[in-house]
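Data first, discussion second: the structure below is written as structure tokens.
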Amino acid sequence: MLWFMEGICFLPFFLVIWSSSTFIVSYLIALLEHDVDVIFPYISDTGAKPPESCVFGLMTVITAFASMATMYARYKYVEKLNEKAGGVPPVLNQAALWIGTLSCLGMCFVATFQETTITAVHDAGALLFFVSGVLYTILQSIISYKAFPYGCSLALCRMRTGIATIAFLAVFPTVVCAVFVTQTTLHRKTEDEDNVFHLVSAVSEWIVAFSFIFFFFTYIHDFKKFTLKLRTQFVDYS
């Protein structure tokens, strides 16, 4: 059996590959269409105009559903693990799932409302996605430590904490510097007054996004250990 077919680790494996492709493919199409600059455009800029907006929207929605499936599988794994070993408060596990769900919802808003059409909804979705996503990584890092040594190794706990810390530190300049970006054009010039704020915000945004991807990559080890089964049970209402 191939390693990515063990247990249900195909879920985080697919999520990592697909989400990375979402950012890279839309970026390359936008470059070929001369719709964005080469140096660090906003991720949303790469999906602002057709045809890349169609690809970006479709792939991002699929990423959101794959993320939700992966988060739910992680939730059930921790729940089952807690039945045997304890250590993780159920409310913490539930909070992580719901916050992760909010992040996926924000991702759907980003995918369906382009920044050049309905900017307010797009920005609100992006804020929900990034803030909830960072909170999710922090909560899952805490859960990993509380489940240790039954859930994963200490090295993996530290890796998740490191990635969550990077995402936490990068989300602040992403949001704060974006407030000072006054121009909404897709092409930037070095002499623009807000160019520095744009550059810092855009670089930080890419860091946060790929922090999420690397965080889900750490799930592959855990997801080899279990499977999920759907059980059908008839209910007698007579």
Side-chain angles (χ1 to χ4, degrees), residues 15 17-69 71 98-136 167 170-213 216:
L15 177 57
I17 298 299
W18 187 266
S19 56
S20 301
S21 301
T22 299
F23 300 140
I24 295 171
V25 169
S26 59
Y27 171 69
L28 291 177
I29 296 175
L31 279 184
L32 291 175
E33 294 292 324
H34 304 289
D35 290 332
V36 296
D37 298 322
V38 176
I39 304 299
F40 288 109
Y42 279 121
I43 295 175
S44 298
D45 289 352
T46 66
K49 297 175 65 176
E52 59 267 20
S53 60
C54 305
V55 176
F56 179 81
L58 175 62
M59 295 186 72
T60 302
V61 168
I62 294 175
T63 299
F65 279 99
S67 299
M68 190 64 252
M71 291 174 181
W98 284 110
I99 290 174
T101 302
L102 288 176
S103 180
C104 295
L105 178 62
M107 201 185 310
C108 290
F109 278 115
V110 170
T112 53
F113 296 93
Q114 281 77 35
E115 64 174 353
T116 54
T117 53
I118 309 179
T119 306
V121 178
H122 177 91
D123 290 346
L127 184 63
L128 181 64
F129 165 61
F130 283 118
V131 174
S132 299
V134 169
L135 288 176
Y136 176 80
V171 77
F172 285 102
T174 300
V175 176
V176 174
C177 290
V179 174
F180 296 97
V181 177
T182 56
Q183 297 186 29
T184 57
T185 56
L186 298 180
H187 292 282
R188 312 288 306 185
K189 297 180 181 179
T190 54
E191 59 266 22
D192 292 339
E193 293 182 358
D194 59 352
N195 185 62
V196 174
F197 293 110
H198 169 266
L199 189 61
V200 173
S201 180
V203 170
S204 300
E205 182 187 52
W206 282 91
I207 291 175
V208 175
F210 275 91
S211 295
F212 294 162
I213 293 173
F216 282 116

(request) Only counting residues at least two apart or in another chain, list the ones meeting side chain to side chain donor-acceptor pair (under 3.5 Å) with T46. (result) S26

(request) Any chance you could measure T174, atom OG1, to I207, atom CD1, to the nearest 0.5 Å? (result) 7.5 Å

(request) Tell me, please, which residues at least two apart from D123 pass salt bridge (charged side-chain N to carboxylate O under 4.0 Å, His left out). (result) none

(message) Quick one, E205 with F130, criterion side chain to side chain contact (heavy atoms under 4.5 Å, CB included). Give me CA distance, side-chain angles, the key distance, then yes/no.
(response) CA-CA 9 Å; E205 182 187 52; F130 283 118; 3.4 Å; yes

(message) Tell me every residue that passes side chain to side chain contact (heavy atoms under 4.5 Å, CB included) with S44, counting only those two or more places apart in sequence or in another chain.
(response) V110, E115, H122

(message) I'd like to check the side chain to side chain contact (heavy atoms under 4.5 Å, CB included) partners of F180; sequence neighbours left out, ordered by chain and number.
(response) V176, F197

(request) Calculate, to the nearest 0.5 Å, the distance between atoms OG1 and CD1 belonging to T22 and I17 respectively. (result) 11.0 Å

(request) Applying side chain to side chain contact (heavy atoms under 4.5 Å, CB included), name anything that partners F210, two or more places apart in sequence or on another chain. (result) S20, F23, W206, I213, F214

(message) The criterion is side chain to side chain donor-acceptor pair (under 3.5 Å); which residues satisfy it with S201, sequence neighbours excluded?
(response) Y42

(request) Work out which heavy atom in I39 is nearest to a heavy atom in L199; give both atom names and the distance. (result) CG2-CD1, 4.4 Å

(message) Would you say that W18 contacts I62 through its side chain, given a criterion of any heavy-atom pair below 4.5 Å between the two side chains?
(response) yes

(message) Taking salt bridge (charged side-chain N to carboxylate O under 4.0 Å, His left out) as the definition, give me every residue that meets it alongside D194, ordered by chain and number, with sequence neighbours left out.
(response) R188

(request) Only counting residues at least two apart or in another chain, list the ones meeting ring pair (Phe, Tyr, Trp, His ring centres under 6.0 Å) with F212. (result) F129

(request) Can you measure from CD (E52) to CD1 (I29) and round to the nearest 0.5 angstrom? (result) 7.0 Å

(message) Can a donor-acceptor pair be found, under 3.5 Å and without considering hydrogens, that links the side chain of S103 to the backbone of S132?
(response) no

(request) Flag the pair C54 / L58 as yes when at least one side-chain heavy-atom distance between them is below 4.5 Å, and no otherwise. (result) no

(request) Output all residues satisfying ring pair (Phe, Tyr, Trp, His ring centres under 6.0 Å) with W98, sequence neighbours left out; order by chain, then residue number. (result) none

(message) On a heavy-atom basis, which atom in S67 and which in C104 lie closest, and how many Å separate them?
(response) CB-SG, 3.6 Å

(message) Which heavy atom of T63 sits nearest to which heavy atom of L15, and what is that distance?
(response) O-CD1, 3.7 Å

(request) Give the minimum heavy-atom separation between V171 and V208, together with the two atoms involved. (result) N-CG2, 3.6 Å

(request) Kindly state each residue pair satisfying salt bridge (charged side-chain N to carboxylate O under 4.0 Å, His left out) with at least one member in residues 26-35, sequence neighbours excluded. (result) D35-K49

(message) Tell me every residue that passes side chain to side chain contact (heavy atoms under 4.5 Å, CB included) with V200, counting only those two or more places apart in sequence or in another chain.
(response) P173, C177, V196, S204

(message) Suppose we screen for ring pair (Phe, Tyr, Trp, His ring centres under 6.0 Å). Which residues come up paired with Y27, at least two apart in sequence or across chains?
(response) none

